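Below is one structure, written out as structure tokens; the observations come after it.
What you see is a predicted model, and the numbers here were worked out from it, not measured in a lab.
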Amino acid sequence: MKTGADSMKILLLSALFISTLAAQNTSTIEGYVVDSVTGAGLANVNVYFGSDKDGTYDTQTDSSGRFQISGVKDGQYGCHFEKLGYIPQYSGTMDSALKSVRVASGGNPVQLRIALVAYATLSGRALDLDGKPLANVTVTFGRDTETADSEGRFEFKKVSPGSYTLEAQSTDAHPPQTPGGDRTEYVPTWYPSVIERDQAESIIVRGGANLGGYEVRLKTAPVYRVRGVVLGEDGKPESRAVVYNTSASEQTSGFAIFGANLSPDANGKSLLTRPRAFGYFAGARSDAVPVFSESGQRTQNGAFDFASVPRGTRLFTAAI
């Protein structure tokens with residue numbers, strides 16, 4: 001007959017056996033997260049490992065940038081690392097060298113070293129050709145857009161490494177007009193001061209860089225009002241169409257409906273190379289998917305109206 005002490009020993013041995021078995025079926029993930037430039041450990045990085053079948057695990061790095069997760073079940077885990085001010089790293093994304101992690105039960109701990117890239121910043125000013133600040137200018141850098149303040153200052157705070165162009169456009173400011181002359185406006189201008197995209201100077205950004213002093217001097221040019229109607233195959237106005245207006249250097253894939261050259265005649269007036277055809281576009285169906293470099297204008301019952309089109313060769317395209 002078993003005594004109470006014997007029963008207690010059996011229970012303790014069973015618990016020890018189960019605990020030992022569980023430990024053999026799990027492993028540990030440990031690592032070190034550093035700044036990609038300085039190599040210094042990063043504290044308070046959010047660390048996550050997850051699997052659809054085997055569960056999720058998360059922790060944070062300590063003051064030296066190290067982390068450890070114990071009791072991880074056997075399996076394949078995706079992972080990601082995040083910290084404020086740094087570009088998050090996710091396994092499985094196209095632009096990341098981070099791979100999923102294989103954990104083998106009872107094996108040696110999985111050891112990782114992760115380098116996070118800090119966001120860069122870029123700042124500057126939007127100016128006129130005399131060097132005076134222009135307020136409320138829309139500045140585009142890569143895919144990000146900011147608005148210049150009353151002194152023309154702008155700043156981009158979360159810039160990923162890469163090569164970019166810097167563009168500025170003003171819709172509020174208007175340059176002085178010459179009595180009896182062409183109407184002039186500030187036109188989209190690329191850094192440092194060019195109006196053709198292919199002449200823009202590329203800006204190379206590296207992780208953690210603090211780039212300042214980029215001045216864009218907006219140019220002016222004679223502009224014209226261009227109106228027209230997009231017609232469908234049935235000859236009726238096409239209300240679903242979007243019309244794009246691009247310069248020769250911005251022309252991309254797509255199907256051109258009509259092109260016109262805006263230039264002055266001997267009397268300084270606007271002259272269209274095909275004035276009789278201009279204004280009514282006849283569309284045709286196409287399997288090609290148009291790709292355009294800037295936002296288009298959706299027609300109103302087929303009609304479109306561009307208030308300020310710069311002088312030069314322009315491509316007007318329509319798509320549904």
Which side-chain N or O atoms in residues 201-213 pair as donor and acceptor under 3.5 Å with protein atoms at least two apart or in another chain?
residue	atom	partner	partner atom	Å
N210	OD1	T121	OG1	2.7

Residues 31-44 side chain polar contacts: donor-acceptor under 3.5 Å, at least two apart:
residue	atom	partner	partner atom	Å
D35	OD1	V37	N	2.7
D35	OD1	T38	N	3.0
D35	OD2	Y86	OH	2.7
S36	OG	L116	O	3.4
T38	OG1	A40	N	3.2

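Hydrophobic clustering of Ile, Leu, Val, Met, Phe, Trp and Tyr side chains at less than 4.5 Å, counting indirect connections, unites V309 with F304. Following chains of ILVMFWY side-chain contacts shorter than 4.5 Å, one cannot reach L127 starting from L166, and the two form parts of different hydrophobic clusters.
The shortest side-chain heavy-atom distance between F316 and F306 falls under the 4.5 Å cut-off. Residues F156 and V139 meet the side-chain proximity criterion, which asks for heavy atoms closer than 4.5 Å. Residues Q199 and W190 are not in side-chain contact: their nearest non-hydrogen atoms beyond the backbone lie 4.5 Å or more apart.
A donor-acceptor pair under 3.5 Å is absent between the side-chain atoms of E151 and the main chain of P133, judged by distance alone. T220 contributes no side-chain N or O that, together with a main-chain N or O of T184, makes up a donor-acceptor pair within less than 3.5 Å. At least one donor-acceptor pair under 3.5 Å links the side chain of T61 to the backbone N or O of V45. Using a distance-only test at 3.5 Å, with no hydrogens or angles considered, a donor-acceptor pair links the side chain of S193 to the main chain of R217. Using a distance-only test at 3.5 Å, with no hydrogens or angles considered, no donor-acceptor pair links the side chain of R125 to the main chain of V216. Proximity of a side-chain donor or acceptor of D130 to a complementary backbone N or O of K132 within less than 3.5 Å is not detected.
Once rounded to the nearest 0.5 Å, the distance linking OG1 of T140 with CD of Q169 reads 6.5 Å. To the nearest 0.5 angstrom, L218 atom CG is 4.0 Å from T189 atom OG1. The CD atom of E233 sits 11.5 Å away from atom CG of L231, with the distance rounded to the nearest 0.5 Å. Interatomic distance, OH of Y214 versus CD of E155, reported as 13.5 Å (0.5 Å rounding). Distance check: Y48 OH to D58 CG gives 8.0 Å after rounding to the nearest 0.5 Å. Note: I114 CD1 to L98 CG = 5.0 Å, rounded to the nearest 0.5 Å.
Within 6.0 Å of CG on D52 lie no more than 12 heavy atoms contributed by other residues, nucleotides or ligands.
When hydrophobic side chains of Ile, Leu, Val, Met, Phe, Trp and Tyr are connected at separations under 4.5 Å, V117 ends up clustered with I87, Y119.
Taking each heavy atom of T28 and Q68 in turn, the nearest pair found is CG2-CG, 3.6 Å.
Salt bridge D62/R66: absent, no basic N to carboxylate O contact under 4.0 Å.
S308 pairs with exactly one of R183, E185, R225 by the side-chain hydrogen bond (donor to acceptor under 3.5 Å, both in side chains) rule, that one being R183.
Aromatic rings from Y57 and Y77 are positioned such that their centres are separated by under 6.0 Å.
The aromatic rings of F81 and F49 lie perpendicular to each other, with more than 60° between the two planes, well past the 30° mark.
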